[in-house]
Each structure stands twice: as structure tokens, then as C-alpha cells.
Protein chains: 2
Amino acid sequence: MKGYNKQKKLLAAIDCIIFGFDGQHLKILLIRRGFEPAKNKWSLMGGFVDSGESLDTAANRILKQLTGLEGIYLEQMYAFGEPKRDPIERTISICYFALIDIHRYERQLTHEYQAEWFNINEAPALIFDHKAMVSMAREKLRYRAGLHPVIFELLPEKFTITQLQTLYEEIYMTALDKRNFLRKIMASGLLIKQSDKDKTGSRKGAFYYGLDKKKYNHTLLNFTGMLPPARRII
Amino acid sequence: MKGYNKQKKLLAAIDCIIFGFDGQHLKILLIRRGFEPAKNKWSLMGGFVDSGESLDTAANRILKQLTGLEGIYLEQMYAFGEPKRDPIERTISICYFALIDIHRYERQLTHEYQAEWFNINEAPALIFDHKAMVSMAREKLRYRAGLHPVIFELLPEKFTITQLQTLYEEIYMTALDKRNFLRKIMASGLLIKQSDKDKTGSRKGAFYYGLDKKKYNHTLLNFTGMLPPARRII
DNA sequence: TCAAAAGTGTTCGAATTACACCCATGG
DNA sequence: CCATGGGTGTAATTCGAACACTTTTGA
């Protein structure tokens, strides 16, 4: 038996939404598409799945090729398959979302790869159905962040409580009370207070915190969520 | 421009995990595969995506063809794409999961379509990577059911509190206290007490409840979950 | 009359909320 | 010395967990 003769083949693509956080705003990484159609238009990171590679492998390869990023948090999100979504040829796109510490790669990304960060609310028009992908990714991020502490993937090794809180506020588009936030986040047992301070944000300086990596890995499956129940988006 | 010349095409398939609940156990619907390879082996409902149809359309079509089911709860779950997952030809499978009221279709399914229900814990060996699909679907169901009242899709129009509780217990593989369960489920405001009783389960009979459909639709986005935090699987 | 499932409240501790002032520092 | 963001506590309420007995009725 050589194959399923009567079935139509099609192209499979990967698209990645890459989230970052600059301390103020949630951002996404975009590039100008390198080939026709829609060449030079803003686009998510994308490419085709090769024969012989799995979807996860393809996603990692494409991410590496377009941005140099490796070993980052990457999760499959959804498959988009409207017949006309790509005007040239029938292509289904398996969409991934990634979370990275923006500062760790900033120069590399913008200089070597000419990728550009945009505030999530100020992104330019995107090709094809990429806008829908971005909104779905945003929603999925809220979902995930409410249940698992994935949010730390967006922060540097050391961060302040205020940065963490701002990040939650960005993702959920809501204001949080800092005392309650601190109590709750400390109760998770995930944070380890450092002895040094971030002096860039204020005169007084704010203590850095690090992540308890062991607990973090164990906690991925048992996290109650940071939002007060009444505001849970999920 | 005619196409992306250098890219490899592949087949896209749909596979559906169909969940049902018989009042006692969570079940999945399987059929014997109708074509080679692995003909007559137990399999999820599956088929290929045609040109010109979207993934959702394909999923609905395949479900209709193989089971006669229409208009049921169907949600995309995950794309499986290991290169060798189908031994005959490179095929990625976009996997859906469905929730149905088992009694509504029981005869139709088992007689006309020779599909068979299996308790989720007693299912036979499945072809390809279908076993992994089923475990992921189970997990996803826990996830969903903890946050949205999708669980009612598995029950008939009228059901008793005990049935509902048993269903939650099945999905989360845990025992729940009936008084606490009742209080919590009633607090959701989703249930409407009927005036008639189900007499099949006991001498005394248990009141039926129906779903407040308007509230149900609005509540899909604001549901706190039925599990005590300590036991939340998610 | 009894077996079997239905139905029903209370108490306790933990978690969540709302809320406002002092601290440390660099300029 | 003062403007700025950092850091802290308490009281009221709600929510979740644990727990056991009475009711109904068909056989």
C-alpha cells in the first residue's frame, strides 16, 4: 500500500505568536514577511512544516531561523484552516504561542533579524488571519496565566513584585491591590527574595525576587490563579 | 503566482473523541476502521479534510457521515503531527472532542452505524496515536468542565442532581459531598427545578432539573469551577 | 416494615476583600 | 526637604470543608 490515493494534499504551516513584556506593556514580536504574496507586510513568525519533522520540531526550527530564539516556552495553540486563508494555496496553519524574556534577546532580535516589538494594542495590520490568531493567543494567555504560573517566562531571572503585578494587570487589563497581590503571590511559595534591589524604578529601590524553579515545575499543574473570582475572565 | 513551489504537501485528517455519559460512567464512542491500513481495528471517528472545506466543516461532515450526529458540541483540541504517526503516508491529524447526550442517539449509533460505546477506562487498543488523543481529551475535559458548564452537554434535557454529581465525580475521579455539591451547583443559578421526578433510581424518586439556557450561554465565560481548590486538577 | 436513595443545616477555619499610612532615598 | 515609588496590617466578609440524620415509598 503506497498511500491514500484519493485524498487531497495540502500545505501545513506554523505561525508563532511571541509575547514579551518590557516592564510596562505586553508586546508581540512581528516581522515583515520575506516572500510573496504579501511580501514586506507585517506578519507573525511563520513557515512551512517539512516532511519528516513533527509540528513541535517545525515550530522550534522556524522560530530559530527567524529570530535565533531557542529553548523558549512554546505551546501549540490552535489550527487555522479556512480554505481561503492563504490566497495562493490551500494551507492550514498550526499556531503556537511563545513567551520570552524580552530583554534577553532584544538586540539580537531587532538587529540581526529585523523583527520588531509592538505593544499588543498598537500592532499594525497583519496578513491573512494573523489578527485572529493574535486575539486568540491573548485569550489563551489569560487562560493559562490564571491557572499556571507561566507568566514568569515573560520576566527576567530577577524581577520586582511591582513588575510582576504590572504584568498581571496588563494581561488581565485590570488593576490589582498591591497588598492583596503580594500576600497571594507569596502564599504560592514560588518566589525567593533576593538581597539586592532594582534601583531603576524608584529612589528607594525595590527588592528583586527570583523563582523557585523546582516548585515552579511542580506547580505548573496546581495553580489556583491570581485573579479574584469575581474578575476571573475564564 | 501559482503556489509555494518548493513546499511539501501532506494530508490533513480529522479525528474526533466523542464523550458520552450513561448515568454511571464516562464513555467514548469508537468504530472499527473501515479501510486499510489497520482495517477493522478500533479507532476514533476520523477522515480526511477535503479541499474547499474548513477544519470545523470537515469535523462536522465526518461526524455526520460516521455517526449521523449533527449540531452537537464540538471543539478543536490539538493537532497531532508526528511524521510517522500514520504508517502509510504523512498525515497530520486535527483532533476534536465532542460531548453528546448518549441516550438521544444510542440506537441510531449502535445499529445504523455500528459504533460502540466503551467505558473510558475499559476501551480497547486503538490505532496509531489515538490512545494519546483520548488521554489528552480526558484532561481537556477536566480543564473545560472546571471552568465552563460544558458538562451539561453530556446530560439529557432533564436530569437529577445525583446524575450531575456522578458525572462530575466520573470526570474528576473523586468523590464529592452531596450537600456541598448541591449548594454550589444551585448557587450557579443554572438549574431550574422541574415538578416531575425520576423514579427509576429510587423508591422515593428524585426531582428533575433543567438547564436555564439563557444563563448557560452567558455563563460559558464566567464559571468558577465545581471542584474544591485542593482537588483542582488543573 | 425495611432497604435504598433523596433531601436537608450548621459550624469552623481559611481565603478574600477593602482599605491608608509610613519608609527610604536621590536629587 | 520633598517627591516618588516601596513596603506593610487589620477587620469584615465570604467561601469552602467537614459532618449525620430524617424522609419517602415500593417491594
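Letters go in sequence order (proteins before strands), and every chain restarts at 1. A quick note: this is a predicted structure, and the numbers were derived from the prediction, not measured.
Here E116(A) does not pair with K27(A) in a salt bridge; the nearest charged N to carboxylate O distance is not below 4.0 Å.
If you measure from atom CG of D198(B) to atom P of dA4(C), you get 18 Å, rounded to the nearest angstrom. Atom CG of L176(A) and atom P of dT16(C) are 13 Å apart (whole Å). With rounding to whole Å, F181(B) atom CZ is found 17 Å from dC15(D) atom C1'. If you measure from atom NZ of K184(A) to atom C1' of dG9(D), you get 18 Å, rounded to the nearest angstrom. Atom CD1 in I185(B) sits roughly 16 Å away from atom P in dT8(C) (whole-Å rounding). Y208(B) places its OH atom 12 Å from the P atom of dA6(C), with the value rounded to the nearest Å. The CE atom of M186(A) sits 11 Å away from the P atom of dG7(D) (whole-angstrom rounding).
Shown here are the salt bridge (Lys or Arg N to Asp or Glu O under 4.0 Å) partners of K41(A), two or more places apart in sequence or in another chain: there are none. A search for side-chain contact (heavy atoms from CB on, under 4.5 Å) contacts involving Q76(B) returns Y78(A), A79(A), L55(B), I94(B), Y96(B), not counting sequence neighbours. Remark: T200(A) pairs with D198(A) by the side-chain hydrogen bond (donor to acceptor under 3.5 Å, both in side chains) rule, at least two apart or across chains. Scanning for side-chain hydrogen bond (donor to acceptor under 3.5 Å, both in side chains) contacts around K158(A) gives D196(A), with sequence neighbours left out.
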Donor-acceptor list for residues 101-109 of chain B side chains, cut-off 3.5 Å, not counting sequence neighbours:
from: D101(B); atom 1: OD1; to: H103(B); atom 2: N; distance (Å): 3.2
from: Q108(B); atom 1: NE2; to: T67(B); atom 2: O; distance (Å): 3.2
from: Q108(B); atom 1: NE2; to: G68(B); atom 2: O; distance (Å): 3.4

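Pairs engaging residues 202-212 of chain B under the side chain to side chain donor-acceptor pair (under 3.5 Å) rule: none recorded [sequence neighbours left out]. Legend: salt bridge (Lys or Arg N to Asp or Glu O under 4.0 Å) pairs involving residues 58-79 of chain B, not counting sequence neighbours, sorted by first then second residue: D50(B)-R61(B), E53(B)-R61(B), K64(B)-E70(B), E75(B)-R144(B).
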Would you give a per-nucleotide map of nucleotides 19-27 of chain D, 5' to 3', where B means the base has a protein non-hydrogen atom under 4.0 Å away, S means only the sugar-phosphate does, and - means neither?
BB--BBBBS
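Residues from residues 154-165 of chain A placing a heavy atom under 4.0 Å of any atom in DNA chain C do not occur.
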